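These notes concern the structure reproduced below.
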Amino acid sequence: MTKRIESKKTAVFELETDSFSSHTFELSMRLTRHEYHHIKDTLYRSQEGKMNIVIYQERKGRHCCMKYGKHGVRICLEHNQGENGFDTYYVRMIINPRVLIEPGCSYLGILPPKKSSMEKLEKAFKDLFEGTVFDNNLNNYYISRLDLCTNIRCSNNKLFRELVRVLRKLPTPLKYERKFYKNSDKKKANRYNKHYLRFVCGTHELVIYDKTYQIRNGNLAIAYEKLPEGVLRFEIHCEREYIRKIEKEMNSDSPMKVLWTMVQESEDRIIGHFSRCFPDTEFVQMERLEKKIKQSGFKKENKEAMLELASRLQRTQSADKALQKMEKQGYSTAGLLDKFAKLGISPIPLRKNFCAESLPGPVELLRDISEGKVKVEYVKVKYK
């Protein structure tokens, strides 16, 4: 006769070694018409008669140079046709700073948040573009976009997968718009969106995604790399308007100074943005959700609406869709999410009979992980 044996275990969430920093930034420079055509024509001539593609036209007015890809640098030349014949020309460099200073490093790695990293970055940029058609003085450019991020590693695959599943159902924050990954292959897009969350505002974007899925799905793992059970990445994509505000506060537009300041402030900015956009709640199982709702002091009709939302979120793929359907059916959903926040629980339930009673929400995870490891108790079942 088979015997069920249960044992209590502890899973750990912890920061990757590079903590909070940046993984990508974009440098831009305004060019004259002559400079633009000189760079473009020189690059096209350099690939004549060769098998390797150095540059290609992505669309009208935009040419992409892949020559420096292995160094973590993608370059685009832009020709924008304006009104009354007033055209503008730019060079854009999208840079992975970790790869630039350490070619061949893991795609999990981000820029080490050290002053020495800035010095290595500036030198690597200077050396890479020495004697080329591109200006090799990094400070002659300006930062047009900067992505701040952190990687959180989980020691248990089962807990990690469940956390990713409930996170993707999070409601869209006020003043943000949910954006989905798009691909001509709809099945591929649907699979990717199960591991990816992106909320867009005018000046910045908030992104949460399964970094290990991206690496495996995109064949980005290097040969000797042993990937962890799961890595969850939190990002803020800061657009030019956001960066201009930082430059005014600093009274400087030096790319190196702006980058170093943003790296130093990355922890506070990431935790701050996610804390303002999402309630500090935890994910729990349905039984506990029902119990907390029923024991609350809310009015009967509010309790009924809360129970209905939680029930729908067992099968609906996003809180936004569940709330929209409830509104169409006559439910009052105004302030409903705030009521869950007051109880400290998310309306998104964990799977029935899940091995853990609760999982941390994004705010709790980011806040507590910055102070040390986050531990989650779960039950492991064996049959003998």
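This one's a predicted model, so the numbers in the text were calculated from it and none came from an experiment.
Under 4.0 Å is where a charged nitrogen must lie from a carboxylate oxygen, and between R62 and E78 at least one such pair does. For the pair E235 and R233, the salt-bridge criterion is met [side-chain N within less than 4.0 Å of a carboxylate O]. Comment: K373 does not engage D368 in a salt bridge, judged by the lack of any side-chain N to carboxylate O separation of less than 4.0 angstrom. The residues R30 and E35 are annotated as not salt-bridged, no charged nitrogen and carboxylate oxygen being separated by less than 4.0 angstrom. Comment: K123 engages D127 in a salt bridge, judged by a side-chain N to carboxylate O separation of less than 4.0 angstrom. Ion pairing between R288 and E357 fails under the 4.0 Å rule for side-chain N and carboxylate O.
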Would you mind writing out the side-chain donor-acceptor pairs for residues 166-176 within the sub-3.5 Å range, not counting sequence neighbours?
{"unit_1": "R168", "atom_1": "NE", "unit_2": "Q317", "atom_2": "OE1", "d": "3.2"}
{"unit_1": "R168", "atom_1": "NH2", "unit_2": "Q317", "atom_2": "OE1", "d": "2.8"}
{"unit_1": "K169", "atom_1": "NZ", "unit_2": "L313", "atom_2": "O", "d": "2.7"}
{"unit_1": "K169", "atom_1": "NZ", "unit_2": "T316", "atom_2": "O", "d": "3.2"}
{"unit_1": "T172", "atom_1": "OG1", "unit_2": "D320", "atom_2": "OD2", "d": "2.5"}
{"unit_1": "Y176", "atom_1": "OH", "unit_2": "H204", "atom_2": "NE2", "d": "2.5"}

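With sequence neighbours left out, the side-chain hydrogen bond (donor to acceptor under 3.5 Å, both in side chains) criterion links R312 to E308, Q329. For the salt bridge (Lys or Arg N to Asp or Glu O under 4.0 Å) test, residues two or more places apart in sequence or in another chain that qualify with E265 are R269. In this structure, E119 has no side-chain hydrogen bond (donor to acceptor under 3.5 Å, both in side chains) partners at least two apart in sequence or on a different chain. Shown here are the salt bridge (Lys or Arg N to Asp or Glu O under 4.0 Å) partners of E177, two or more places apart in sequence or in another chain: K179. Partners of D280 by salt bridge (Lys or Arg N to Asp or Glu O under 4.0 Å), not counting sequence neighbours, listed by chain and number: R367. E26 is linked by a side-chain hydrogen bond (donor to acceptor under 3.5 Å, both in side chains) to S144, counting only residues two or more places apart in sequence or in another chain. A search for salt bridge (Lys or Arg N to Asp or Glu O under 4.0 Å) contacts involving R244 returns nothing, not counting sequence neighbours. Here E364 pairs with nothing under the side-chain hydrogen bond (donor to acceptor under 3.5 Å, both in side chains) rule; sequence neighbours left out.
A donor and an acceptor atom, one from each side chain of Y181 and N183, are located under 3.5 Å apart.
Grouping the Ile, Leu, Val, Met, Phe, Trp and Tyr side chains by contacts below 4.5 angstrom, directly or via other members, places W260 with I243. Taking hydrophobic clusters as Ile, Leu, Val, Met, Phe, Trp and Tyr residues chained together by side-chain heavy-atom distances below 4.5 Å, L350 shares a cluster with L343.
Legend: side-chain hydrogen bond (donor to acceptor under 3.5 Å, both in side chains) pairs involving residues 339-354, not counting sequence neighbours, sorted by first then second residue: E162-R351. Counting only residues at least two apart or on different chains, no salt bridge (charged side-chain N to carboxylate O under 4.0 Å, His left out) pair has a member in residues 248-259. Sorted by first then second residue, the salt bridge (charged side-chain N to carboxylate O under 4.0 Å, His left out) pairs that include residues 129-143, not counting sequence neighbours, number zero.
The number of heavy-atom neighbours closer than 6.0 Å to CD of Q57, taken from other residues, nucleotides and ligands shown, is above 12. Environment of CD in E241: sparse, with no more than 12 heavy atoms of neighbouring residues, nucleotides or ligands closer than 6.0 Å. Counting non-hydrogen atoms of other residues, nucleotides and ligands closer than 6.0 Å to CG of N52 gives a total of 12 or fewer.
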